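What follows is a short report on a single structure.
Every chain is numbered from 1 and lettered A, B, ... according to where its sequence line falls, protein lines coming before strand lines. Quick caveat: nothing in here was measured; it's all calculated off a predicted structure.
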Amino acid sequence: MQPFTEQVITIIRAIPVGKVMTYGQIAASAGSPRGARQVVRILHTMSDKYDLPWHRVINVKGEIAITEDESRFLQKILLEEEGITLNEDGRIDLSIYRHDG
DNA sequence: GCCATGGCTAGTA
DNA sequence: GCCATGGCTAGTA
């Protein structure tokens, strides 16, 4: 496993309950400001194996970025269970819920 | 070759 | 809405 991948995993696991981080923010924290898409890939391939709180990762607009319907719905539910409120337009207020890693 | 991004622009209101 | 990007991974040889 590459150092970047390890960093990303560590960072994601450290997101507290009730908080979120964005793909780009995680990439930047892991030392690669343009590596947002790799965070996507890592979530895809590593979430199960490393027990990542994948639902606490959203895009920079505050949106759930998942395309698949079931997982999308699940993410919304998991976030709400942690006390995160989604707006009418389905967005999350990053000024409130963003975790500064 | 991929892509669950992000930042910038053009186009609408 | 477009498209440049980048680190990884699947797939071939």
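Ion pair A:Lys76/A:Glu80 flagged as a salt bridge, since at least one NZ, NE, NH1 or NH2 atom sits closer than 4.0 Å to an Asp/Glu carboxylate oxygen. Note on A:Arg56 versus A:Glu82: salt bridge recorded, some NZ/NE/NH1/NH2 to OD/OE distance being below 4.0 Å.
Along DNA chain B, the nucleotide nearest A:Lys61 and the nucleotide nearest A:Gln75 are compared for position; the residue whose nucleotide lies closer to the 5' end is A:Gln75.
Tested against A:Val57 for a side chain to side chain contact (heavy atoms under 4.5 Å, CB included), the candidates A:Val20, A:Val8, A:Ile15 yield a single pass: A:Ile15.
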Tabulated below should be each protein N or O lying under 3.5 Å from an N or O of nucleotides 5-8 of chain C; please produce it.
| unit_1 | atom_1 | unit_2 | atom_2 | d |
| --- | --- | --- | --- | --- |
| C:dG6 | N2 | A:Gln38 | OE1 | 2.8 |
| C:dG6 | N3 | A:Gln38 | OE1 | 3.2 |
| C:dG6 | N3 | A:Gln38 | NE2 | 3.2 |
| C:dG7 | OP1 | A:Ser32 | OG | 2.2 |
| C:dG7 | N2 | A:Gln38 | OE1 | 2.8 |
| C:dG7 | N2 | A:Arg41 | NE | 3.4 |
| C:dG7 | N3 | A:Gln38 | OE1 | 2.5 |
| C:dC8 | OP1 | A:Thr5 | OG1 | 3.4 |

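Pairing of B:dG11, defined by two Watson-Crick or G-U wobble distances under 3.5 Å, is not identified with any nucleotide. Base-pair partner of B:dA4: not found among the strands shown (Watson-Crick or G-U wobble, both distances under 3.5 Å).
When all heavy atoms of A:Ser47 and A:Leu43 are compared, the closest pair comes out as OG-O, 2.6 Å.
At a cut-off of 3.5 Å, with distance as the only test, no side-chain donor of A:Thr10 or A:Gln7 sits close to an acceptor on the other residue.
Atom pair A:Lys49:NZ and C:dT9:P shows a separation of 10 Å (rounding to whole Å applied).
Note: the hydrophobic cluster containing A:Leu79 also contains A:Ile96 (ILVMFWY, side chain heavy atoms under 4.5 Å, direct or indirect links).
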